[in-house]
Amino acid sequence: MTKNRGARNAELLPRRLVQLFARNGYTRGPSFARVDEGHQFYKKGWEVRLVLRDRTELDEARRLLERAGLRPGKVFQKHQSWIQPVYGRTAVERFNQVRKLPHDERLKGGVQRRLVSLKVPLRKR
């Protein structure tokens, strides 16, 4: 029964949001081995991080997250990228379903885009 609910939640995520996450997003969760240290020492919770290239993608991702019923966290910059966190266990469960989608629905195109941006033709193997 939980598999159906998870698949349904993945379908509720907009396609473009799925593409952004599949490109280079990741999830973080608590380490249950460290929970015994107590709240003052170990505070990590459930988190999804979307790694975005520019402010345009950031604005688009925030709009799509709100449309999907998720609350985006405070944005921060890391090197040349913008990181958009989304907190909560339900957000992590919904985005983890993306990993189980067929490859053509995730559309990882980072390598192809980098080669085009460098103006290097893609060689056939």
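Because the structure is predicted, anything quoted here is derived from the model rather than measured.
One finds the CG atom of L50 at 11.0 Å from the CZ atom of R62 (value rounded to the nearest 0.5 Å). Rounded to the nearest 0.5 angstrom, L70 CG and Y87 OH are separated by 13.5 Å. Atom CG of N24 sits about 7.5 Å away from atom CG of L52, to the nearest 0.5 Å.
The pair R16-E57 meets the salt-bridge criterion, since a charged nitrogen lies less than 4.0 angstrom from a carboxylate oxygen.
No donor-acceptor pair closer than 3.5 Å links the side chain of Q84 to the backbone N or O of R49. In this structure a side-chain-to-backbone donor-acceptor pair under 3.5 Å is missing from R94 to R89.
Cation-pi geometry between R28 and W46 is not satisfied (NZ or CZ under 6.0 Å from the ring centre, within 45° of the ring normal).
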Note to self: Applying side chain to side chain contact (heavy atoms under 4.5 Å, CB included) to L20 and R23, what does each step give before you reach the verdict?
What the structure shows: CA-CA 5 Å; L20 291 172; R23 184 179 67 198; 3.8 Å; yes
Notebook entry, point to check: Does the pair R71 and L65 meet the rule for a side chain to side chain contact (heavy atoms under 4.5 Å, CB included), with working shown?
Noted result: CA-CA 7 Å; R71 288 185 42 201; L65 286 167; over 6 Å; no
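When every heavy atom of L17 is checked against every heavy atom of L64, the shortest pair comes out as N-CD1, 4.0 Å. Across every non-hydrogen atom of W82 and V75, the tightest pair is CE3-CG1, 3.5 Å.
Two residues are said to be in side-chain contact when any heavy atoms from C-beta on lie closer than 4.5 Å; R55 and L58 meet this criterion. Counting heavy atoms from C-beta outward, P72 and E66 have side chains that approach closer than 4.5 Å. For the pair F21/V86, no side-chain contact is recorded, criterion being any heavy-atom separation below 4.5 Å from C-beta on.
Cluster annotation: F76 and V51 are assigned to the same hydrophobic cluster (Ile/Leu/Val/Met/Phe/Trp/Tyr, side-chain heavy-atom contacts under 4.5 Å, transitive).
Atom CD of Q77 is surrounded by more than 12 heavy atoms from other residues, nucleotides or ligands within 6.0 Å.
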